[in-house]
Protein chains: 2
Amino acid sequence: MVITQAIEDYLKTIYLLGQGGEVATSAIALKLKVSPPSVTGMVKKLAEMKLLRYTRYQGVELTPAGEKIALEVVRHHRLLELYLQEALGYPWDKVHEEAEKLEHVISEEFEDRIAEALGWPETDPHGHPIPTKDGVLPAVAVRELLAVETGQSATVRQVSDGDPGMLRYLASLGFFPGATVQVLEKAPFEGPLRVRVGEAEHAVGRELARHVLVSAATPAEV
Amino acid sequence: MVITQAIEDYLKTIYLLGQGGEVATSAIALKLKVSPPSVTGMVKKLAEMKLLRYTRYQGVELTPAGEKIALEVVRHHRLLELYLQEALGYPWDKVHEEAEKLEHVISEEFEDRIAEALGWPETDPHGHPIPTKDGVLPAVAVRELLAVETGQSATVRQVSDGDPGMLRYLASLGFFPGATVQVLEKAPFEGPLRVRVGEAEHAVGRELARHVLVSAATPAEV
DNA sequence: CTAATTTCTTAGGCCAGACTAAGTTCTTTT
DNA sequence: AAAAGAACTTAGTCTGGCCTAAGAAATTAG
Ligand SMILES: [Mn+2]
Ligand SMILES: [Mn+2]
Ligand SMILES: [Mn+2]
Ligand SMILES: [Mn+2]
């Protein structure tokens, strides 16, 4: 029962889509950019391997064994992203792609050494929590910026890391984890939000505001 | 015509075995730990792709296109080895294995950034020259320690990096690139060499003495 | 110079992981 | 409650990269 790169990618994807629930095969197919039949096939195999539970037409849920592997890959990914930024000077819109390939090949030794070099960090460049070595993902209470009421302030916690263009745009607006934002206005008819970030004011679309996760204002830490 | 990881390994292996000559399929099979028929099959495909020339029963020789890819992989490998040692504190007997996996997945950007971090180095931890970005492997004039005449001194230039145990032993004897060694005696009947390294004297077997490459004494540089 | 041995290739197959085309089953609509 | 539509699975294929068994060519030995 050998854990291939493909298997790691399936488990990671299911984990990130699922977060404690059933995941539809089509969702997996979409994320991994493979056809739905490919997912059905792989998922049957992973069920055989006891890495997930699968009920036909019902979707899929990771077992503890499957989740353990998923979390290891996620830890690799997020540590690598941070290492690329901190140690090699990558811009934050390029770390994801590189980490996506490296996450499958680094050894435990490599993982430990970069974790140490980074001072055992807790979040990646986009604010996502890094699972601990024993497979625990720290829970964080966040909601979408879109959900913040008009007039309220909040602290940016996490941003989506999949789209480099979006990341560059978010950076240009000052949407970094830790930044304080205030929602000044929400235009009606699915219109944009007017927000203040530091000194500046920006109009941001609702789609974008769904990709920025925030917590209550006034960060507890620096 | 996509260059897979397997193809990269074949080309690299052929390059390192060949160094300007025909390479037997069995030699490739031995090095890559695959069966001879697997090599024949792959080699036919690589010939199709114009990455090497293949004549049945005669062996194989890289084309310029094939050599270019091989040198890129070798550059990745050797830069990675040095980076693992210098930046992450790996001992020199562990860098090879890790680099063996990473060499296939890093981007040009990663390559450039570690090269820069290392100050555009010219040799890896074992003394092997690092091919330049435009695909030139600096030639070095070396011979086996075994070939040094009794009484003569020489400077260690390169050591084999495949066997971690051997590397640890070589380190314990002081056989690092740059070290000065003097051959005091060669025991007859394929016996060991008595050599001086710094203050210490050691008896080393002929097999080991074949894995240490040296140049004329008195290093030109420090 | 033939015979034995070694080296290499062909033949045939397997497995992982993807695909398209053609059903099923579930869900939504009327 | 039936029909239409969406979601999912089955069936059948393909490609890459490996394998073993058997045969052909090259090399070495007698
Ligand atoms: Mn990422
Ligand atoms: Mn991230
Ligand atoms: Mn090496
Ligand atoms: Mn080396």
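The structure presented is a predicted model; accordingly, all values stated were derived computationally and were not measured.
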Distances for protein N or O near nucleotides 7-11 of chain C N or O, under 3.5 Å:
{"unit_1": "dC8(C)", "atom_1": "OP2", "unit_2": "Ser26(B)", "atom_2": "N", "d": "3.4"}
{"unit_1": "dC8(C)", "atom_1": "OP2", "unit_2": "Ser26(B)", "atom_2": "OG", "d": "2.3"}
{"unit_1": "dT9(C)", "atom_1": "OP1", "unit_2": "Tyr54(B)", "atom_2": "OH", "d": "2.2"}
{"unit_1": "dT9(C)", "atom_1": "OP1", "unit_2": "Tyr57(B)", "atom_2": "N", "d": "3.3"}
{"unit_1": "dT9(C)", "atom_1": "OP2", "unit_2": "Thr25(B)", "atom_2": "OG1", "d": "3.4"}
{"unit_1": "dT9(C)", "atom_1": "OP2", "unit_2": "Thr40(B)", "atom_2": "OG1", "d": "2.6"}
{"unit_1": "dT10(C)", "atom_1": "OP1", "unit_2": "Arg56(B)", "atom_2": "NE", "d": "3.2"}
{"unit_1": "dT10(C)", "atom_1": "OP2", "unit_2": "Lys44(B)", "atom_2": "NZ", "d": "2.2"}

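For residues 107-117 of chain B, the salt bridge (Lys or Arg N to Asp or Glu O under 4.0 Å) pairs, not counting sequence neighbours, are Lys94(A)-Glu109(B), Arg75(B)-Glu111(B), Glu108(B)-Lys133(B), Glu109(B)-Arg113(B), Glu111(B)-Lys133(B), Asp112(B)-Lys133(B).
Not one N or O on the side chain of Thr13(B) forms a donor-acceptor pair closer than 3.5 Å with the backbone of Ile28(B). When atom types are taken as modelled, the side chain of Ser38(A) and the backbone of Val34(A) share no donor-acceptor pair closer than 3.5 angstrom. In terms of modelled atom types and a separation under 3.5 Å, the side chain of Trp92(B) and the main chain of His126(B) share no donor-acceptor contact. A distance-only check finds a donor-acceptor pair linking the side chain of Tyr90(B) to the backbone of Phe110(A) [under 3.5 Å]. Between the side chain of Arg78(A) and the main chain of Pro129(A), a donor-acceptor pair closer than 3.5 Å is present. With hydrogens and angles disregarded, no donor-acceptor distance shorter than 3.5 Å links the side chain of Thr25(A) to the backbone of Gly59(A).
On the nucleic acid side, DNA chain D has its first and last nucleotide under 4.0 Å of a heavy atom of chain B at dG16(D) to dA26(D), going 5' to 3'.
Rounded to a whole Å, the CD atom of Glu8(A) is 16 Å from the P atom of dA16(C). Between Ile28(A) atom CD1 and dA18(C) atom P the separation is 12 Å, expressed in whole Å.
Side-chain atoms of His211(A) and Asp163(A) include no donor-acceptor pair closer than 3.5 Å.
Residue Ser38(A) places none of its side-chain N or O atoms closer than 4.0 Å to OP1 or OP2 of dG17(C).
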